[in-house]
Asks: 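Before I ask anything, here is the structure I am working with.
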Number of protein chains: 2
Amino acid sequence: MNPQLRIDLNDKLYLRDPQATDLGRRLIGQGVGLIDEIGFEQFTFKKLAQRMGSTEASLYRYFENKHRLLVYLVSWYWAWLGFQIRFHTHNVPDPRDRLRLTLGILTRAHRDDPTTADLDEAALYRIVVREASKSYLTRDVDGDNREGLFREHKRLVAGIAAVASEINPAYPYPHALISTALEAARKQLFFAQHLPSLTDAGTAGSVEQSIYAFLEGLVFGALGA
Amino acid sequence: MNPQLRIDLNDKLYLRDPQATDLGRRLIGQGVGLIDEIGFEQFTFKKLAQRMGSTEASLYRYFENKHRLLVYLVSWYWAWLGFQIRFHTHNVPDPRDRLRLTLGILTRAHRDDPTTADLDEAALYRIVVREASKSYLTRDVDGDNREGLFREHKRLVAGIAAVASEINPAYPYPHALISTALEAARKQLFFAQHLPSLTDAGTAGSVEQSIYAFLEGLVFGALGA
DNA sequence: TTATTTTGATAGTATTACTATTAATTTAGA
DNA sequence: TCTAAATTAATAGTAATACTATCAAAATAA
């Protein structure tokens with residue numbers, strides 16, 4: 001589907017571009033695997049270096065700290081998701097159809113897509129589900145934001161919100177609606193897997209089908225469409 | 001309003017009940033202050049002990065680790081919120097009115113209420129906004145869940161979801177809807193303060209008013225009511 | 001008043017989150 | 001292809017974190 005998908009991220013995210021070198025690409029590829037396995041709090045550059053057969057000091061030349069790596073991975077995911085959405089909706093004239101397709105993509109994009117290069121999207125999605133909100137729920141949000149670290153997230157929300165506004169130009173909360181839907185898509189999947197009494201997804205049919213139907217009702221209900 | 005509000009939490013949350021001793025109560029009171037000031041990741045029992053004029057070892061006798069303290073504080077908040085909701089809605093017959101009142105409470109309960117005993121609810125709410133999801137987004141969710149650490153959160157969601165079901169018994173996703181709304185109330189406030197382009201709250205009128213209006217449209221829209 | 005519990009004081013450990021230095025190796029340019 | 005520059009590996013080191021252990025002092029309960 002995307003043989004040479006090139007994703008350019010804010011260069012403030014890293015000290016040295018990890019896509020530019022072999023070590024950098026292995027850092028990302030294996031980093032995703034390790035964070036997925038042991039979780040972000042247990043993850044350290046030392047452990048990753050051991051697994052990669054490299055050294056802690058070498059990895060610290062790519063990212064200031066592990067938090068920047070997380071923000072990088074999450075940004076990469078938002079950018080990739082934005083690409084998927086544009087790719088699948090670019091010839092669809094009706095904004096309702098575009099919004100429906102978009103909701104479908106963000107509930108199951110990670111499944112359909114063949115693995116891009118050295119990145120395991122399914123593992124990355126598990127990381128996004130579990131860790132994405134930690135990228136901004138920190139003491140330094142404001143500083144990080146000033147550096148533009150959340151640009152991809154904002155871009156994605158703005159893009160989908162524009163479709164919502166096309167459907168109902170009078171609706172006053174398109175950004176809130178889309179950021180909520182984006183968050184809900186991940187949270188409800190997490191709840192279905194770990195805290196099922198906080199959701200209803202999976203009680204009838206597949207979890208992803210339920211989440212899609214829930215989101216569709218939520219978004220179109222709010223838009224009064 | 002609640003002179004002797006007694007909140008009983010799952011005793012798995014702590015090693016020794018912090019409400020039972022003077023040191024324990026100071027731990028909670030000052031712990032809230034310190035987490036609010038420096039954030040959960042920078043927070044340590046050593047720093048808290050210094051501020052309290054106690055010792056690290058003494059505090060570790062109350063909580064296994066700082067994560068348990070966070071879960072305790074968040075659980076306390078959910079329990080307190082549930083109490084506020086029951087208190088303000090207990091004589092309201094129409095479920096729509098009850099749901100509207102509930103949404104109002106969860107967007108601004110922390111403002112109206114006078115400080116309970118030694119707990120600063122405004123600070124606690126800031127902690128809930130910023131840190132609550134970290135209480136379950138961990139590697140040990142399943143274990144923690146088996147111990148019942150998320151009971152208060154579930155109880156709150158179930159209670160409000162029941163009202164939603166009363167309004168529209170055919171609606172298939174009441175738990176998803178309410179857990180989403182609960183999360184959105186906090187997230188949108190955080191976005192308004194730190195990442196305003198992810199929300200619309202505050203562009204017209206007060207942030208809390210906007211969040212309330214957004215949630216009302218979202219929830220009643222989904223319920224088709 | 002004695003026994004029990006709780007706290008404080010102190011010390012110690014393994015791990016984390018880095019930084020610094022230097023030597024080996026790779027890569028890029030002339 | 002040789003040389004210079006950049007990159008990585010290897011090693012070492014530091015301050016802070018997340019605890020645990022021990023023991024004496026103080027408070028409390030029987």
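Because the structure is predicted, anything quoted here is derived from the model rather than measured. Note on naming: letters A, B, ... go to the chains in the order of the sequence lines (proteins, then strands), and numbering restarts at 1 for each one.
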Asks: How long is the line joining CD of B:Gln50 and P of C:dG8, in whole Å?
Replies: 14 Å
Asks: Rounded off to whole Å, could you give me the CD-to-P distance for the A:Gln42 and D:dT17 pair?
Replies: 17 Å
Asks: With ring-ring contact (aromatic ring centres under 6.0 Å, His included) as the criterion, how do B:Phe83 and B:Trp80 come out once you've worked through the C-alpha distance, each side chain's angles and the decisive distance to 0.1 Å?
Replies: CA-CA 5 Å; B:Phe83 173 85; B:Trp80 176 84; 8.4 Å; no
Asks: B:Ile38 has an atom CD1; how far is it from atom P of D:dA16, in whole Å?
Replies: 14 Å
Asks: In plain terms, say whether B:Lys47 and B:Glu37 are close enough for a salt bridge, that is, a side-chain N and a carboxylate O under 4.0 Å apart.
Replies: no
Asks: May I have the distance from A:Phe40 (atom CZ) to C:dT16 (atom P), rounded to whole angstrom?
Replies: 13 Å
Asks: Tell me which nucleotide among D:dT8, C:dT7, D:dA9 gets nearest to the side chain of A:Thr55.
Replies: D:dA9
Asks: Of the nucleotides C:dT6, D:dT8, C:dT10, which has the atom closest to the B:Arg16 side chain?
Replies: C:dT6
Asks: Hey, is the main chain of A:Phe45 close enough, under 3.5 Å, to the side chain of A:Lys66 for a donor-acceptor pair?
Replies: no
Asks: What is the separation between atom CG on B:Leu59 and atom P on D:dA18, rounded to the nearest whole Å?
Replies: 13 Å
Asks: Which listed nucleotide (D:dT17, C:dT16, D:dA9) is nearest to the side chain of A:Leu23?
Replies: D:dA9
Asks: Taking A:Glu41 first and then B:Lys134, would you say they form a salt bridge - that is, a charged N and a carboxylate O separated by under 4.0 Å?
Replies: no
Asks: Between C:dT7, D:dA21, D:dT8, which nucleotide has the shortest distance from any of its atoms to the side chain of B:Arg61?
Replies: C:dT7
Asks: Taking the side chain of B:Ser58 as heavy atoms from C-beta outward, which of C:dG8, D:dA9, C:dC18 is closest to it?
Replies: C:dG8
Asks: Under 4.0 angstrom, heavy atoms only, what part of the nucleic acid is B:Glu64 near: base, sugar-phosphate, or nothing?
Replies: sugar-phosphate
Asks: Rounding to a whole Å, what distance do you find between A:Phe43:CZ and C:dC18:P?
Replies: 12 Å
Asks: What is the distance, rounded to the nearest whole Å, between atom OH of B:Tyr60 and atom P of C:dG8?
Replies: 16 Å
Asks: Rounded to whole angstroms, how far apart are NZ on A:Lys47 and P on C:dT15?
Replies: 9 Å
Asks: Looking at A:Asn10, A:Val141, A:Val157, which hits side chain to side chain contact (heavy atoms under 4.5 Å, CB included) with A:Phe150?
Replies: A:Val141
Asks: So if I take every side-chain heavy atom of A:Tyr62 and compare against C:dA20, D:dT7, D:dC19, which nucleotide ends up nearest?
Replies: D:dT7
Asks: Phosphate oxygens OP1/OP2 of C:dC18: is one of them under 4.0 Å from a side-chain N or O of A:Lys66?
Replies: no
Asks: Check whether any side-chain N or O of B:Ser54 sits under 4.0 Å from OP1 or OP2 of C:dG8, and answer yes or no.
Replies: yes
Asks: Look at B:Lys46 and D:dC19 and indicate whether a side-chain polar atom (N or O) is within less than 4.0 Å of OP1 or OP2.
Replies: no
